[in-house]
Number of protein chains: 2
Amino acid sequence: MEKVTIQQVARAAGVSASTVSNLLNGRSGRMLPATRDRITEAIAQLGYRPNRAARELRTGRTRTVGLIVPSVGNPFWGAFARELEHAALAEGYNVLLCNSERDPERESHYVEELWDDGVRDIVLCTSLPSLNHLAHIIDQGLRLVTFDRPAQADDPSTVVSISINNVVGGHLAASHLTGLGHRRLTFVSGSLRSVNRTGRYQGFCSAVESAGLAVADMTLWTGADESPFGDVEAADVGRRAVHEIFAAADPPTGVVAINDMTALGVCRGLRDLGLQVGRDVSVVGFDDIILADLYDPPLTTVRQPISQMAQLAIAEIVSHHGLAHREPGRSVLLRPELIVRGSTAAPPVN
Amino acid sequence: MEKVTIQQVARAAGVSASTVSNLLNGRSGRMLPATRDRITEAIAQLGYRPNRAARELRTGRTRTVGLIVPSVGNPFWGAFARELEHAALAEGYNVLLCNSERDPERESHYVEELWDDGVRDIVLCTSLPSLNHLAHIIDQGLRLVTFDRPAQADDPSTVVSISINNVVGGHLAASHLTGLGHRRLTFVSGSLRSVNRTGRYQGFCSAVESAGLAVADMTLWTGADESPFGDVEAADVGRRAVHEIFAAADPPTGVVAINDMTALGVCRGLRDLGLQVGRDVSVVGFDDIILADLYDPPLTTVRQPISQMAQLAIAEIVSHHGLAHREPGRSVLLRPELIVRGSTAAPPVN
DNA sequence: TATGGTCAGTAAATCGTTACACCAGATTGG
DNA sequence: CCAATCTGGTGTAACGATTTACTGACCATA
């Protein structure tokens with residue numbers, strides 16, 4: 001049974017290939033139940049499976065969703081990929097996963113690769129402020145859902161974005177620290193020109209101000225411009241940032257990190273310096289990866305509802321599948337949640 | 001420029017489609033340089049990209065490698081996926097990533113899905129002792145490379161396996177602990193019927209014996225049989241195992257965990273009990289995920305050379321691409337390396 | 001001038017599926 | 001009773017590439 005085609009099924013069932021095709025595509029309305037049964041049985045008997053390539057060549061459609069993440073090396077993206085795959089599977093879709101390593105060129109490369117493969121729906125996790133490098137493909141009909149990247153003013157009009165409210169998240173993190181009595185705070189992030197950082201930092205600042213404090217310095221880890229840090233190296237960013245920040249006079253007692261990996265790096269750096277997290281210094285992360293709870297001390301963090309976000313993304317794709325007419329895009333902002341654990345406490349009295 | 005076909009390129013270059021195709025497929029031997037140039041320019045001018053579906057329908061070949069991992073939620077698999085993708089990209093291949101969640105049914109589902117998509121090469125990360133559920137597709141010509149799963153006696157004959165030597169790994173871990181003076185050791189693992197566990201436990205036992213000690217009990221976390229633990233939940237396994245083991249009299253001073261996620265769970269569990277890792281109890285993991293080094297204390301672990309393994313897997317696939325004749329499979333066992341960090345030390349003198 | 005051999009490139013037949021147009025026979029309506 | 005409608009399908013032309021077999025044109029040899 002090397003390869004069984006629709007023709008063989010047709011012959012076995014005593015009908016034409018068209019009829020088999022009609023059944024396969026849900027056009028079984030005008031069809032005798034007996035015929036339907038004969039075909040169904042023939043399919044089962046022969047173990048027939050439609051040839052995707054032929055089908056796609058003919059229709060130009062695929063039931064595959066492309067997912068481009070910065071790096072599955074970062075557990076946050078791994079977890080999200082898992083959730084998205086789960087949601088897609090439930091709708092009969094498959095997910096094709098790619099790592100951009102936050103490199104715009106790789107990002108473009110993958111988008112084109114996916115397009116060539118017939119994929120017309122892509123969930124893109126990017127922090128790039130501009131989507132210009134993809135505009136030409138979007139114009140051709142690519143349906144793009146951006147994740148973890150709020151919509152920007154000059155995005156192509158059909159783009160849908162699903163994200164948390166970063167401003168709220170940054171605010172939650174910082175106000176948690178000010179509420180505990182911290183008065184000197186720092187925001188740690190790589191210098192990626194990330195739209196998330198902007199929002200989170202904004203929320204951070206507003207919380208600091210509304211606590212009647214001066215906005216603390218944000219550490220711009222400029223080394224990142226020379227050799228861009230991937231998500232895996234995010235931990236290094238945090239670690240190195242800490243070494244620099246705490247070498248200066250009057251170091252902060254509270255740190256908000258751009259994500260959990262960076263936060264873990266921050267914790268590691270503090271330990272290098274003989275400081276104890278959750279006592280000498282409080283640390284807040286972002287994402288709530290599995291390891292946040294596993295760490296010592298468990299990490300206080302701003303949780304992203306990835307499961308819900310994944311479902312939203314798939315729902316968006318399913319509802320527009322195969323539609324050629326361009327609807328204007330939408331932007332969904334979900335509210336993040338602060339998860340308080342052991343890495344934060346009142347500042348030392350000294 | 002909605003869609004540009006090979007015909008349009010041919011017309012633009014003033015040749016037939018066949019000639020364009022010949023150039024595209026490296027048959028440019030008998031072709032005037034001038035013609036070649038005209039075609040090349042036409043391709044660039046029109047932005048032509050061959051239609052994959054058509055190409056595949058005609059040739060029956062794909063340059064896509066399927067990768068099935070237990071769960072990208074586990075950073076180890078995320079890191080491996082990244083490495084494999086990197087190696088594949090360098091050879092002009094793409095990687096299609098799927099999560100089996102260690103569920104044999106999902107595993108089969110994905111293999112068939114990939115097969116239908118025209119994928120003929122799959123890297124399968126599974127711990128199942130048997131590959132019977134895939135035999136029928138392997139017979140049809142699927143080339144399977146198993147990863148992190150040593151070859152088994154009754155595997156289909158064409159299967160290639162790439163793995164570390166688990167016996168050596170288990171031995172390294174345990175003899176490190178006995179060398180530090182530990183005399184009561186425990187091996188912690190979920191009860192997954194994993195071929196890895198068998199090997200690692202065997203190495204563990206041999207090391208214990210050659211140190212002149214009695215083989216300690218292996219903790220079979222039987223709860224896993226009822227509700228199978230995915231890789232993400234591996235940490236819970238470790239944590240719960242510790243609570244149970246250390247409730248008994250005469251608890252061990254050294255623990256070897258089946259992987260790093262479980263080891264981190266073990267550390268978390270020890271902390272729950274007020275014990276200090278690297279002082280009261282020593283812990284050794286397996287894999288060397290990024291977080292092992294980031295943890296507090298940094299985790300001693302047995303490293304898998306995933307980068308090298310990924311390259312081997314791709315090399316295997318590239319060298320046999322499109323070959324119909326079945327060569328007998330091979331099995332490659334790499335030597336793991338012990339990375340000593342702060343989670344292990346001499347046992348307390350008490 | 002036959003004969004044959006390169007050279008450079010082309011025509012046409014696929015690959016497996018889909019979808020539009022069509023059709024024969026039965027039923028209905030006025 | 002004739003035309004219109006419905007029922008349950010079928011025939012066929014794509015979709016875009018690859019590949020085998022072939023064709024003129026040109027050159028060399030005997």
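Hydrogens, waters and symmetry mates are skipped; everything else that's a heavy atom, side chains included, is used. Keep in mind that this is a model prediction, so the values were computed, not measured. Here is the naming used below: chain letters follow the sequence lines, and residue numbers restart at 1 for every chain.
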**Sugar-phosphate only, base, or nothing, as touched by B/N25 at under 4.0 Å among non-hydrogen atoms** = sugar-phosphate
To the nearest 0.5 Å, atom CZ of B/R120 lies from atom OG1 of B/T64 at 11.0 Å
Rounded to the nearest 0.5 angstrom, the CD1-CG distance for A/I162 and A/L333 is 10.5 Å
The ring-ring contact (aromatic ring centres under 6.0 Å, His included) partners of A/F80 (sequence neighbours excluded) come to A/F147
Do [X] and [Y] pair up side chain to side chain, a donor and an acceptor below 3.5 Å, judged on atom types alone?
| X | Y | value |
| --- | --- | --- |
| A/S18 | A/S21 | no |
| A/Q152 | A/S130 | no |
| A/S71 | B/R82 | yes |

First and last nt of DNA chain C near chain A, cut-off under 4.0 Å to heavy atoms, 5' to 3', are C/dG16 to C/dA19
Closest non-hydrogen atoms of B/P150 and B/S161, given as atom of the first, atom of the second and distance, are C-OG, 4.1 Å
Under the side chain to side chain donor-acceptor pair (under 3.5 Å) rule, collect the residues that match up with [X], sequence neighbours excluded.
| X | value |
| --- | --- |
| B/E56 | none |
| A/S163 | none |
| B/D116 | A/R49 |

As a check of understanding: the bend across the helix from C/dT1-D/dA30 to C/dG30-D/dC1, end axes from five pairs, rounded to 10 degrees, works out to 60°
For nucleotides 14-16 of chain D, give me every protein contact, N/O to N/O, under 3.5 Å, one pair per line with atom names.
residue	atom	partner	partner atom	Å
D/dA14	N3	A/R58	NH1	3.2
D/dG16	N2	B/A54	O	3.4

Original post:
Salt bridge or not for A/R330 and A/E316, using N-O below 4.0 Å?
Top reply: yes
To the nearest angstrom, the CG-C1' distance between A/N22 and D/dG8 comes to 10 Å
Residues pairing under salt bridge (charged side-chain N to carboxylate O under 4.0 Å, His left out) where one sits in residues 16-40 of chain B, two or more places apart or in two chains, turn out to be none
Note: contacts of residues 11-19 of chain A with DNA chain D (heavy atom, under 4.0 Å) are A/V15, A/S16, A/S18, A/T19
Within residues 30-43 of chain A, those residues having any heavy atom closer than 4.0 Å to DNA chain D are A/R30, A/M31, A/L32, A/T35
With sequence neighbours left out, the residues meeting salt bridge (charged side-chain N to carboxylate O under 4.0 Å, His left out) with B/R149 are B/D155
For A/R52, the salt bridge (charged side-chain N to carboxylate O under 4.0 Å, His left out) test, sequence neighbours excluded, returns B/E113, B/D117
Can you tell if the side chain of A/T146 reaches within under 4.5 Å of the side chain of A/V159, non-hydrogen atoms only?
yes
